[in-house]
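These notes are about the structure you will find just below.
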Amino acid sequence: MFHNVAPVRGGMGMYLLQKMGWKQGEGLGKNNEGSVFPLSLDVKTDRRGLVALGETQKKKASVPTPIIRDLSGKHPVSALMEICNKRKWSPPEFNIVHDSGPDHKKHFVFKVKVNNEEYQPSIASPNKKHAKAQAATVALQKMGLIPYPWTMLYLCNQ
C-alpha cells in the first residue's frame, strides 16, 4: 500500500527518532529488528461502526415501513417544507387560484406545486393562511403521508 510513497525527509517524528539514535533503513526497537516499512492502514469509509473479526452482523428482519409518517402536531405547510427538504426537492410553491366575496368576507383557494405536481383543495377557506394550510394538507394526503379524513373516521369506527 505504501511501497510507492516517498520516504519521510523531515518533521517532528523524524527528529525525535534521530535524536534517540535511529538511522534511516534500520528497524525499530532495541535490537533493530522492528518493521522497516510504515504501518499499513485500513481507512474506514462507511458509517456502520467497528465490528470485530469473529463477530457476525445480524440482519434485521425487513419490516415494511408505514406509508403514513408521524406528522402529528406539525403545521401542514412546515411538514410539507420538511418533506421537500429531506427529499432534496425544490421548496413548494404556493399560488392563489381564486379569491371571491366582499372585502369583509373573502374566500381563498391556493394550489401548491411540489416536485412538478400541483395539488389543489376543492373547497375555499376564509383566510389565506388557512387556504395555504389546506393546500399543503391535500398535497400530503395525495402523497400518502397523512391519511384522508374519511380514513380516520373509518379507523375510529372499527
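Values in this document were obtained by computation on a predicted structure and should not be read as measured data. Numbers here are sequence positions counted from 1.
- Distance check, rounded to the nearest 0.5 Å: CE of Met143 to SG of Cys84 gives 6.0 Å.
- Criterion: ILVMFWY side-chain heavy atoms under 4.5 Å apart, direct or through other members. Under it, Ile96 and Tyr119 are part of a common hydrophobic cluster.
- Ala79 approaches Leu140 most closely through the heavy-atom pair CB-CD1, 4.1 Å.
- Taken from CH2 in Trp89 to CD1 in Ile83, the straight-line distance is 8.0 Å, to the nearest 0.5 Å.
- The pair Lys74-Glu82 counts as a salt bridge, with a side-chain nitrogen and a carboxylate oxygen less than 4.0 angstrom apart.
- Val109 and Pro121 get closest at one heavy-atom pair: CG1-O, 4.1 Å.
- Here Leu145 contributes atom CG and Leu80 contributes atom CG; the two are 8.5 Å apart, rounded to the nearest 0.5 Å.
- Among all heavy-atom pairs drawn from Ser125 and His130, the shortest one is OG-ND1, 3.0 Å.
- To the nearest 0.5 Å, atoms CD (Gln134) and CD (Gln120) are separated by 10.5 Å.
- The two residues Glu26 and Trp22 come nearest to each other via the heavy atoms O-NE1, 3.0 Å.
- With rounding to the nearest 0.5 Å, the separation of NE2 in His98 from NE2 in His107 is 9.0 Å.
- Pro76 and Ala133 make their closest contact through CB-O, 3.7 Å (heavy atoms, listed as atom of the first residue, atom of the second, distance).
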**Study point:** CA sep, side-chain torsions, deciding dist, call: Leu28, Leu17, side-chain contact (heavy atoms from CB on, under 4.5 Å)
**Key:** CA-CA 9 Å; Leu28 296 175; Leu17 285 171; 4.2 Å; yes
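- Cation-pi geometry between Lys132 and Phe94 is met: under 6.0 angstrom from the ring centre, within 45 degrees of the axis.
- Remark: Phe110 CZ to Lys128 NZ distance equals 6.0 Å, nearest 0.5 Å.
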